[in-house]
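See below for the structure under consideration.
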Amino acid sequence: MLALVASEKKYVSNLLDKFNYKKEYSKNCITVYKCDYKNHEFLIVTTGYGKINIGSSLMYLLCNYDIRVLVSVGTAGSISNNNDIFSCIIPNNTLQFDVDFMPNGYKEAMIPLLDNSLYKANDDLVLCANEACMKCMVNYSNDIITSSDMYVSNNSLANSIRSSYNAGAVDCESACVGEFSYINKIAYVSIKVVSNYANNNGIKQYNLYDDEASVIDQKIVYRFIQNYYE
């Protein structure tokens, strides 16, 4: 079963309007909607913010549904001049930039007891998402997205992340979903539309453009679902 995962309902509300769905029983902050597209059942899920909420929500899904594919959806902040506002990023890899166990001998961004810091997206899903962007006539890139439990709106931090990881954007979700998928051997992809640049003006831009970026993202995700099932 495929599950679309977002931090809050505004990032999936338009999608829900396009499908027949039933709200499922769920615990804690997670909300689960079982949806139908041409006799294919899939889930749309909101998790809340933060690694603990996202991780516990994904574990709930894994324990209660036959999850084979995870798709992280929503918006992101650009840290590259190549990723403009309202463009889409379909990362080939994600990582968590707020992880630092280097004093203990681990590589940059590597979590102890894991053998990798980059969480690779599924190639077929990336291709499917790329095609969805093209059909929606939205510019896209396959740059790395870096994630953390913080909102990046600082020139120095954005530049540091860009130079350290050759990344194109930051968010709060993609690498959390990537790590969970990596550990549990689940195929995943992230589909994020840029709502702002992660610079000193980032919060103002986010407030201006996030809603529209979310609408664009949901159009792409809807096309992705069509591509995936057809």
Side-chain angles (χ1 to χ4, degrees), residues 2-19 21-24 26 28-35 37 42-58 60-61 67 69-78 83-91 94 121 125 128-129 132-133 136 138 140 145-153 168-178 180-181 188-198 202-203 205-228:
L2 179 148
L4 302 171
V5 182
S7 54
E8 58 176 301
K9 190 174 180 180
K10 77 171 185 174
Y11 296 118
V12 294
S13 57
N14 289 2
L15 281 172
L16 287 170
D17 290 340
K18 295 181 181 297
F19 304 110
Y21 68 87
K22 179 181 69 174
K23 188 175 181 180
E24 299 274 278
S26 55
N28 302 327
C29 66
I30 185 174
T31 304
V32 179
Y33 304 92
K34 182 177 282 187
C35 305
Y37 178 75
F42 66 97
L43 304 178
I44 293 178
V45 181
T46 60
T47 64
Y49 289 90
K51 294 177 184 177
I52 297 298
N53 284 331
I54 295 170
S56 63
S57 297
L58 295 177
Y60 177 86
L61 294 180
I67 299 299
V69 174
L70 288 170
V71 185
S72 178
V73 302
T75 60
S78 174
N83 296 315
D84 296 326
I85 291 175
F86 302 143
S87 66
C88 188
I89 305 178
I90 315 293
T94 59
L125 296 176
C128 185
C133 286
C136 292
V138 175
Y140 71 92
I145 289 182
T146 63
S147 304
S148 69
D149 279 354
M150 68 175 73
Y151 189 94
V152 178
S153 56
V170 292
D171 72 359
C172 299
E173 301 88 14
S174 293
C176 300
V177 178
F180 184 89
S181 301
Y188 95 100
V189 69
S190 183
I191 303 173
K192 293 298 189 85
V193 167
V194 173
S195 61
N196 61 282
Y197 290 100
I203 293 176
Q205 292 174 344
Y206 173 87
N207 290 331
L208 284 172
Y209 302 125
D210 192 65
D211 288 345
E212 186 173 352
S214 174
V215 170
I216 296 169
D217 190 70
Q218 290 175 78
K219 289 179 180 178
I220 297 167
V221 174
Y222 179 65
R223 179 64 71 173
F224 170 86
I225 292 171
Q226 291 178 312
N227 291 348
Y228 180 81

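Predicted model, so just to flag it, every value in this text is computed and none were measured.
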Any donor-acceptor pair under 3.5 Å from S78 side chain to N83 backbone: yes

Heavy-atom neighbours of I52 CD1 exceed 12 at 6.0 Å: no

Under 3.5 Å: donor-acceptor pair, side chain of Q205, backbone of Y197: yes

Flag side-chain contact, heavy atom, 4.5 Å: F180 against L70: yes

Shortest non-hydrogen contact between Y188 and S181, atoms and distance: CB-OG, 3.3 Å

Atom OH of Y209 with >12 non-hydrogen neighbours under 6.0 angstrom: no

T94 and S174: side chain donor to acceptor below 3.5 Å: no

Y60: ring pair (Phe, Tyr, Trp, His ring centres under 6.0 Å) partners, not counting sequence neighbours: none

Interatomic distance, S56 atom OG to I30 atom CD1 [nearest 0.5 angstrom]: 7.5 Å

Set of salt bridge (Lys or Arg N to Asp or Glu O under 4.0 Å) partners for D171, sequence neighbours left out: K192

Atom of V170, atom of A198 and distance for their closest heavy-atom approach: CG2-CB, 3.9 Å

Distance (rounded to the nearest 0.5 Å) between I225 CD1 and F42 CZ: 4.0 Å

Minimum heavy-atom distance S190-P91, with the two atoms named: O-CD, 3.3 Å

Side-chain touch Y11/D217, heavy atoms, less than 4.5 angstrom: no

Contact check, side chains of L125 and V71, non-hydrogen atoms, under 4.5 Å: no

K10: salt bridge (Lys or Arg N to Asp or Glu O under 4.0 Å) partners, not counting sequence neighbours: D210, D211

Flag, side chain of S147 to backbone of A175, donor-acceptor distance under 3.5 Å: yes

Distance in Å, N53 CG paired with T46 OG1, rounded so as to fall on 0.5 Å steps: 10.5 Å

Heavy-atom closest contact (C133 atom, I220 atom, distance): SG-CG2, 3.8 Å

Plane angle bin for F19 and Y222 - parallel if under 30°, tilted between 30 and 60°, otherwise perpendicular: tilted

Contacts of type ring pair (Phe, Tyr, Trp, His ring centres under 6.0 Å), residue Y49, not counting sequence neighbours: none

V221 vs L4 side-chain heavy atoms within contact, under 4.5 Å: yes

4.5 Å side-chain heavy-atom contact, K23 and T31: yes

Nearest atoms (heavy-atom pairs only) where I54 meets G48: CG1-O, 3.9 Å

Non-neighbouring partners of K51 that pass salt bridge (Lys or Arg N to Asp or Glu O under 4.0 Å), sequence neighbours left out: D98

Y206 and Y151, any side-chain heavy atoms less than 4.5 Å apart: yes

N196 CG to N207 CG distance, which is reported to the nearest 0.5 Å: 9.0 Å

Minimum side-chain heavy-atom gap E173-V5 below 4.5 Å: no

V189 vs F224 side-chain heavy atoms within contact, under 4.5 Å: yes

Ring pair (Phe, Tyr, Trp, His ring centres under 6.0 Å) involving Y140 - partner list, sequence neighbours excluded: none

Closest approach of C35 to L16 (non-hydrogen atoms, all atoms of both residues): SG-CD2, 4.2 Å

